[in-house]
Structure formats: C-alpha cells, structure tokens
Amino acid sequence: MVKIGQFFENYLKKESFFIDKSVLFSNYVPDEIIFREEQLQEIANILAPTLRLENPSNLFIYGKTGTGKTISIKHILNSISEIASNNKIPFKPIYINCKLKKVADTEYRLIARLIEEFGQEIPSTGLPTDEVYNIFYKLLDKEKQIVLLALDEIDQLTKKIGDEILYNLTRINSELKNSQICLIGISNNLVFAENLDPRVKSSLSEEEIIFPPYNALQIQDILKRRAKKAFKEDTIQIGVIEKCSAYAAREHGDARRAIDLLRVAGEIAERSGSHIVDMSHLDEAEKKVESDKVISTAINQPKQFQSVLYSILFIAPQKKSFFTGEIYEVYKNLCKQTRLNVLTQRRISDILAEFDMQGIIHATIISKGRYGRTRDISLSIDENIVIKLKEVLEKSLNLT
DNA sequence: AGGTATTCACATGAAACTATTCTCTGAGTTAGG
DNA sequence: TAACTCAGAGAATAGTTTCATGTGAATACCTGT
C-alpha cells in the first residue's frame, strides 16, 4: 500500500512531457491542414453551392490511409456548417464512418444511423428495412434543407452489402420535394468505383478528388506542428521526428501512423522516467505499436478464428510455408482438445482469406500441378510478437 | 520427344440454414368502475 | 372497459453448412518418329 501511494506521489511530482496529448490522437482535427490546400480548395468549390441552397455535385474522394481525407472532410464540414448557421441556412452535415461495426455497416443500420442524426431513435432490429426507409424519407423531407452526407470508408460498406443503398441514396433526390441530399464518398481503395453498378458510379463520382500520399518531408512538417502543440519545448531529441517520419514514409506516407508512433514514444519515455524522448524510445514505440496492433486484432477475433490462428502459429516454426489442408488437420485436433465444434474446410478457407486481408498471414494461391491447388501460406508477423501472441491465444482458448 | 488429357486439392460462389435479438400484433387476462 | 401480459409471427444479422462449379500445372498417357 505504501509503495503504491509513493508511486502516485512520485507520479505527480514528475513533470509530464505533454502539454496536450489529445493533439496526437487520430480523431483530432487541427485548425489548419497543411499540404492539402489544393484539395481543400477543390472540395470547397464543389460544395459551395450548398450555401445558396443549390444541390452540389456528388463527390468522391480517394486516397490511402493517413493521407488526410477524413480530416479534410471534417474540417470542411465544420466550416460550412459554421457559416451556414451564422447565415441561418438550413444545412445539415453528416459524417458517418461505414466501417464501424454495429453502427453503420449494413443497409438497415446506416439508415437507422441517419435517422438518429435527425434526432429520432430507431430500434436496432425488428423493423422491415423499407419501413426504415420511409421514416427516413419523411424525416428528411419535413423541412427544406440541404444534407451533406459524407460516407467514410464507403468501400467497406459496398463490399459487405452491395451497392444497392448507394443507388437508393443517389436516387432519393428525385423523390424529395423540399430537401436535397449530396453524397460524399470517401474510399482508400483506388479502384473501388470500378466494380460498382454503372448507374451508381456515374452519379456518385460526378467529381473526383485524389489525395496523394505525403512524402517524408511533408510528414516531418506535420509532425513538427503537432509536436509543438503536444509536447513541451525541448523534450524531443533532435532527429527523433525525422526518423519517425522516415518510418511512416516508408509505408506509403501514412501520417496517422507517424503521429501514433510519436505519441507512443512519448508515453514510453515518460514512463521510463527519462527527461527527453530519444531514439531508443522511438524504436521501442515502433515495436509496441506493431505488436499492440497484432495482439488486439487477435484478441478481438471470435474463438474459431483464434483457433485457426493458433493452429497456424503451431505449424509456423516448423516450416516456412504451409497449405490450407495442413492447417485444417492441426485445427481439427485443436478443436478436439478445446471441445470446440469443428468447422468445415470451406469455412476455414474463408477465415484464412480474412487473415490474409488483415495482414496477419501472407497467402498466395498456387497450383501444385498434379497435387492440386491451394493457398501457400506464410506467417507475416515478427518473431518476438509470435511468442506473445501465442501466450495470449493460449489463455483465451484455455489451453495449458 | 512432343502433345494432350487427367487429376488433385483445394478455391470460389451462391443459397440455404440456424440461432439470437428485437419489434409488432392480437388474443386472453385482470382490475377497477 | 381500459390496461396489461404474453405467445407467436416477422425481421435483421452473424456465422455457418451444403451444393456446385472452377482451376493451374505436374503427371500419365498417347502418338508418331
């Protein structure tokens, strides 16, 4: 008890590096967005007609993760709605991230979410979908207004449930008397629109804007600005920011990653009692960010997924690559031990495909000629994470 | 030797099924007038 | 008679299973030289 008390005492006395850590979290919207002036201007041009109550063109935004799409849209929505409310213009910005599970990842839930935006509750299940649509229409058309609907990670949505909703949404306008709705699609899949229904495609991508990745120098600038707000002066060793941005630039210029990295490095430094954030903290942060990502995705998977993953980890040290069938055999034995019911190979195949998508494994479909066709699978997780991951999975699956 | 046909071991797709959660509806029940 | 209870019908959704079809190239099997 005394020790813990002492710890808190010391903790208080110790000075923090941070002035305002929230600046380094990914949901922070800075009041100035650098290196995106062109795109911002373009978006502004396209959306400006809303202020005159004219319906603007639908807009589509492409760009990889961490290239500032989300932040830019949020920024623009904020400033339009500010001006709109100053001038009493009936304008309603809605931002929805379609990837959020249980929130907006199905047709029903997306519409339900929209209805919520208009201040009405909808049961999470039980109602027929067209009923929900009707409520939405009525709500939307009750008064004259322009709705700007930004759908982030829209590719996730269509991947899961097809493009019917988008078709419905683009068509809504012709059925509304008072309101107009304008869609802004945000996707980090550059070829997303290719496999959309042509009708949807043409009406959704009336305007397209591409967000290119940042280069190392730009990330450096962004980091410096954020760091200035987040950290106290002279708490970061020279070179740390440079290295941090180099890390991130290496992976297609993901600014979000760089910012995350910097924050974690700061946290590590603080905890270790150092008076400055130095390179070693950064290195450690990189490891931690990586392993946290892997472990938290693993932990959040259902039991069956965990079993399959564990089976993979079991084989991995023995061979550099292995096939679906081998994993299935191991998995079947594992299920016997854990008393889980055994899923069909068909299902395992899908699970493996998902792991591949998540980047946990690397799988290529190969043909072994006379000996069939299968996935050639190799683990793409760092070795020292594997050990930790294995422990975590054993605990979760109640293995001894 | 060169060409063709087979064949393996899965991949991939579509549809149907199961279980769970939740609403809505209408029949039956109850308490008070 | 109004309010309440409760079972059953319908929906949405996630996670599977079942059935059906596809597939790339190493081998087996010919064929003609």
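In this text the structure is predicted, and so the values were computed from the model without any measurement. In what follows, chains carry the letters A, B, and so on, assigned in the order in which the sequence lines appear, proteins first and then strands, with residues in each chain numbered from 1.
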Notebook entry, point to check: Got V342(A) and Y328(A) here, is their nearest side-chain heavy-atom distance under 4.5 Å?
Noted result: yes
Notebook entry, point to check: What is the nucleic acid contact for V132(A), judged by heavy atoms within less than 4.0 Å: base, sugar-phosphate only, or nothing?
Noted result: nothing
Margin query: Do F231(A) and L24(A) make a side-chain contact, defined as non-hydrogen atoms from C-beta onward lying under 4.5 Å apart?
Written below: yes
Notebook entry, point to check: Distance check: side-chain N/O of R347(A) vs OP1/OP2 of dT16(C), anything under 4.0 Å?
Noted result: yes
Next item on the list: Compare all side-chain heavy atoms of D105(A) with those of K160(A) and state whether any distance is below 4.5 angstrom.
Entry: yes
Margin query: Within the 4.0 Å heavy-atom criterion, would you say K303(A) contacts the bases, only the backbone, or no part of the nucleic acid?
Written below: nothing
Output a table of nitrogen or oxygen pairs between the protein and nucleotides 7-11 of chain B separated by less than 3.5 Å.
from    : atom 1 : to      : atom 2 : distance (Å)
dT7(B)  : O3'    : R370(A) : NH1    : 3.4
dC8(B)  : O4'    : R370(A) : O      : 2.9
dC8(B)  : O2     : G369(A) : O      : 3.1
dC8(B)  : O2     : G372(A) : N      : 2.8
dA9(B)  : N3     : R373(A) : N      : 3.1
dC10(B) : O5'    : G325(A) : N      : 3.4
dC10(B) : O4'    : R373(A) : O      : 3.4
dA11(B) : OP1    : T324(A) : OG1    : 2.7
dA11(B) : OP1    : R375(A) : NH1    : 3.0
dA11(B) : OP2    : S349(A) : OG     : 3.0

Notebook entry, point to check: What's the CZ-P distance between F305(A) and dA14(C), to the nearest Å?
Noted result: 12 Å
Notebook entry, point to check: Do Q301(A) and Q358(A) get their side chains close enough for a donor-acceptor pair, meaning under 3.5 Å?
Noted result: yes
Next item on the list: Pick base, sugar-phosphate or nothing for Q304(A), based on heavy-atom distances below 4.0 Å to the nucleic acid.
Entry: sugar-phosphate
Notebook entry, point to check: CD1 of I351(A) versus C1' of dA14(C): gap in Å, rounded?
Noted result: 13 Å
Notebook entry, point to check: Is R257(A) close enough and on-axis enough to Y247(A), meaning under 6.0 Å and within 45°, for cation-pi?
Noted result: no
Item checked: Gap between atoms NZ and P, on K159(A) and dG13(B) respectively (whole Å) -> 13 Å
Next item on the list: Look at K101(A) and dA14(C) and indicate whether a side-chain polar atom (N or O) is within less than 4.0 Å of OP1 or OP2.
Entry: no
Check: To the nearest angstrom, how far is E107(A) atom CD from dA11(C) atom C1'?
Finding: 13 Å
Check: Starting at OH of Y328(A) and ending at C1' of dT16(C), how long is that distance when rounded to a whole Å?
Finding: 12 Å
Next item on the list: List the atom of I165(A), the atom of E107(A), and the distance in Å for their closest heavy-atom pair.
Entry: CD1-CA, 3.3 Å
Check: Given that R346(A) and D105(A) both sit by DNA chain C, which one's nearest nucleotide is further toward the 5' end?
Finding: D105(A)
Next item on the list: Assess the pair Y62(A) and F211(A): is the distance between their ring centroids shorter than 6.0 Å?
Entry: no
Margin query: Just to be sure I understand the geometry, which residues of residues 117-131 of chain A put a non-hydrogen atom under 4.0 Å away from DNA chain C?
Written below: T125(A), G126(A), L127(A), P128(A), T129(A)
Check: Which residue pairs satisfy the side-chain hydrogen bond (donor to acceptor under 3.5 Å, both in side chains) criterion with at least one member in residues 64-92 of chain A, sequence neighbours excluded?
Finding: T65(A)-H252(A), T70(A)-D152(A)
Checklist line | Test: R375(A) cationic atom under 6.0 Å from F323(A) six-membered ring centre, within 45° of axis | finding: no
